[in-house]
Structure formats: C-alpha cells, structure tokens
Amino acid sequence: MVRFPRRQFLALAAGAATLPALSRIASAQSYPSRLVTVIVPSGAGGPSDVIARIVTEHMRGTLGQALVIENVPVANGTLGIGRVARAKPDGYTIAFSVSSSTHVFNAAIYALPYDVVNDFEPIGLVVKDRAQVIVARTSMPANDLKELIAWMRTNPGKATLGHTGPGSPAHIAGIVFQNLAGTRLQDVAYRAAAQAMQDVVAGHIDMMMTSPSIALAPAQAGSVKAYAVAAANRLVAAPDIPTVDEAGLPGFYTGGWFALWAPKGTPRDSIGKLNAALVDALADVAVRARLADLGLEIFPREQQTPEALAALQKAEIEKWWPVIKEAGIKLKAE
C-alpha cells in the first residue's frame with residue numbers, strides 16, 4: 001500500500017473532487033460536440049415541421065453540428081413533449097413546437113405526466129401565426145363567411161372541422177368560433193394538419209381553421225375556399241382573403257406561436273448557445289423571407305430570449321386555462 005503524507009493526501013482528494021465540475025465545464029464549453037435531436041411533436045409537413053426545418057437548417061451552420069428533426073405526432077404533442085421532459089438535460093434533445101398548444105392548452109386538457117412550466121428550460125420564441133385561415137371544401141354551399149355561418153345555423157352539428165386533436169390551436173379556435181357564431185361543429189382529429197387539409201381538398205371533411213403555411217397553397221390553387229383570415233389585418237402573402245372583421249365575424253382573432261424548449265436542468269451555457277443560434281437564424285434575410293412567405297411573423301429581437309418565452313407562457317396560461325375549463329374539455333394523455 002502506498003502511503004501519502006497528510007498534506008499531499010488532502011491535496012489529491014481536493015483535486016479529485018473538482019474533476020466532475022471540471023468535466024461539466026469542459027462539456028459545456030465544447031457543446032455541441034455531436035448532433036442535436038429536435039423533437040417536433042406533430043406530423044411531417046405540418047406547420048411545426050415546416051418551420052422547424054427552415055430555422056434549424058440555419059442553426060446548424062451556427063452551431064457546427066447537425067440538428068435532426070424527429071416527428072412524434074401523437075396525442076396533440078403530449079408524447080413527444082413528454083420525451084423531451086424525460087430526456088437527459090445535456091442540450092442534445094430539445095423540442096420545437098406550436099407551444100401555445102403543447103405548453104399552454106394541453107396542460108388544461110390532459111392529465112400530463114410532466115409539468116409544462118417546471119419541467120422545461122425555455123430557449124426562445126421563434127414565430128407566430130398572424131392568424132389562422134378559415135377554409136372549406138370547394139363544394140361547400142357558401143360563397144363567403146356570412147353564408148357559411150348561415151348554412152351552419154341551418155344545419156347545426158353537420159359541418160365537420162379537421163384539426164390535430166384536442167388542445168390544438170384549430171380545436172380551441174373551433175370552440176371560440178362556435179360560441180361567437182352560435183352554431184355547432186363536429187370535430188375530426190388527424191395526426192397531422194397536412195392530412196386534414198388533404199381531406200378538405202378531397203371533400204371528405206368540410207372545413208379547417210389552420211396556419212397560413214398549410215392553407216395558402218391550396219387556397220391560391222383553388223383547391224379550397226378561403227373565407228377569412230382570423231385577424232385584424234389581411235395577410236401580406238394573401239391580400240385577397242378578407243379579415244374576419246370584414247367578412248362578418250368581428251373579433252375572432254386566432255393564431256399559434258412557436259418556440260424551442262430544453263429539459264429542465266440543461267446547462268445555461270448550452271441554452272445560451274442554442275438561443276444565439278436561433279437569434280442568428282431569425283436575423284438571416286433568406287430565413288425571414290421564407291417565413292414571411294408562409295404568413296408568419298417573427299418575434300422582435302428583444303422577445304427572442306428565454307425570459308420572454310417564459311413570460312409569454314405565463315400570460316397565455318392565465319388567459320386560456322379558464323376558457324378551456326369553462327368548455328369542459330378534459331382528456332387522458334396517451
């Protein structure tokens with residue numbers, strides 16, 4: 001057995017105790033040293049997927065590592081977001097989602113195995129839909145929004161509304177729409193918004209209230225009827241579509257917002273690097289143009305921070321949880 005003088009032994013012990021901390025510091029400094037998995041808790045081709053691919057493509061160049069999208073389209077995002085909540089908090093598994101749904105609405109609707117506030121680290125706000133677009137099958141016997149509402153009132157409960165499940169922005173919008181219009185709709189849930197749009201185009205369901213990134217291409221091609229934009233102002237990318245104020249349902253403003261999240265406990269340095277890469281992507285002229293073409297609005301630079309994301313989530317919870325509770329929506333997450 002090798003014996004050390006007491007002073008030398010204490011010095012060696014102190015050095016050994018600092019190794020884990022030094023390892024964590026070195027790991028943070030070298031982040032990212034391998035690919036980052038980005039969980040998108042919705043189907044391929046949907047709004048979250050499209051936006052995530054545009055933004056992470058640029059972030060890849062800033063970070064020097066690949067960001068790989070993994071789609072997990074189950075239970076309005078609860079499965080995918082749950083995976084991120086349980087992931088190792090090392091910055092290599094993060095979430096990109098329509099967070100008004102995954103980190104606000106879902107917590108009021110589902111009995112979740114995670115906490116949308118306390119189990120995540122906010123990375124940053126990305127974009128918001130200026131509004132959803134109200135579209136319907138081309139054979140719908142209504143030429144404008146007023147006629148559509150009149151038809152629904154004459155045929156209560158007949159019209160079918162496609163969305164991506166309870167708690168999705170379109171589902172919540174449908175609840176508000178029914179209250180304002182004084183009518184009833186049948187909900188039809190899909191794994192992805194793109195699938196629902198395919199069924200509107202084919203005439204299998206009647207209508208959708210969806211992101212411009214999903215609605216504009218078929219509307220401009222004449223494959224669906226576009227009745228109104230659920231906002232106070234028309235979309236720059238589709239100036240011919242009237243607002244709900246102009247079309248006959250004033251004040252029906254909807255839209256979701258998208259953000260990046262990491263598991264709770266992810267090192268602040270890693271969060272900082274991810275946020276810096278996000279900010280850099282949102283400042284890029286080409287990225288901004290692609291997002292604008294989809295009818296999306298980039299959050300101002302001062303709102304692209306983790307702190308701003310946390311503040312918006314808090315405000316949205318206070319706004320929407322009472323609405324959802326009053327509607328009596330409560331489900332079990334898959």
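A quick note: this is a predicted structure, and the numbers were derived from the prediction, not measured.
- Under the 3.5 Å distance criterion, the side-chain polar atoms of T305 are matched with a main-chain donor or acceptor of A308.
- Counting only distance, with no hydrogens or angles, the side chain of D129 and the backbone of Q132 share no donor-acceptor pair below 3.5 Å.
- Of the possible donor and acceptor atoms, none in the side chain of S33 sits under 3.5 Å from a partner among the backbone N and O of S30.
- Nearest heavy-atom pair across L185 and Q178 is N-OE1, 2.9 Å.
- Within the 3.5 Å criterion, the main-chain N or O of K158 finds no donor-acceptor partner in the side chain of N155.
- No side-chain donor-acceptor contact under 3.5 Å links Y31 to the backbone of Y92.
- At least one donor-acceptor pair under 3.5 Å links the side chain of T243 to the backbone N or O of E246.
- With salt bridges taken as basic N to acidic carboxylate O contacts below 4.0 Å, one links R34 and D90.
- Contact between I317 and P322 at its shortest, heavy atoms only, is O-CD, 4.0 Å.
- The existence of a salt bridge linking R53 and D49 is confirmed by a sub-4.0 Å separation between a basic side-chain nitrogen and an acidic carboxylate oxygen.
- Across every non-hydrogen atom of P122 and L309, the tightest pair is CB-CD2, 3.5 Å.
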Practice task
Please assess H163 against Y190 for the test ring pair (Phe, Tyr, Trp, His ring centres under 6.0 Å), listing each intermediate value before the final yes or no.
Solution key: CA-CA 6 Å; H163 54 68; Y190 290 81; 8.4 Å; no
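- Put simply, the side chain of Q304 gets close to the backbone of F299: a donor and an acceptor are under 3.5 Å apart.
- For F105, the ring-ring contact (aromatic ring centres under 6.0 Å, His included) criterion is met by W320, not counting sequence neighbours.
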Practice task
Would you please test I109 and I324 for side-chain contact (heavy atoms from CB on, under 4.5 Å) and show each step?
Solution key: CA-CA 7 Å; I109 293 173; I324 294 170; 3.5 Å; yes
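- Y114 does not carry R86 over the face of its six-membered ring by the limits of under 6.0 Å from the centre and within 45° of the normal.
- Inter-residue side-chain proximity for S42 and V98 is flagged as unmet; no heavy-atom pair is nearer than 4.5 Å.
- For Y227 (side chain) and A142 (main-chain N/O), a donor-acceptor pair under 3.5 Å exists by modelled atom type.
- Listed here is the closest heavy atom pair of A192 and T164: C-CG2, 3.6 Å.
- Using a distance-only test at 3.5 Å, with no hydrogens or angles considered, no donor-acceptor pair links the side chain of S270 to the main chain of T266.
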Practice task
Evaluate side-chain contact (heavy atoms from CB on, under 4.5 Å) for V116 paired with N106, printing each intermediate quantity in order.
Solution key: CA-CA 9 Å; V116 296; N106 280 357; 5.6 Å; no
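- Under a 3.5 Å cut-off, the side chain of R153 and the backbone N or O of T183 do not form any donor-acceptor pair.
- Salt-bridge check for D206 with R137: passed, with a basic side-chain N closer than 4.0 Å to an acidic carboxylate O.
- Nearest heavy-atom pair across W261 and S99 is NE1-OG, 2.8 Å.
- Using a 4.0 Å cut-off between charged nitrogen and carboxylate oxygen, E147 and K225 do not count as a salt-bridge pair.
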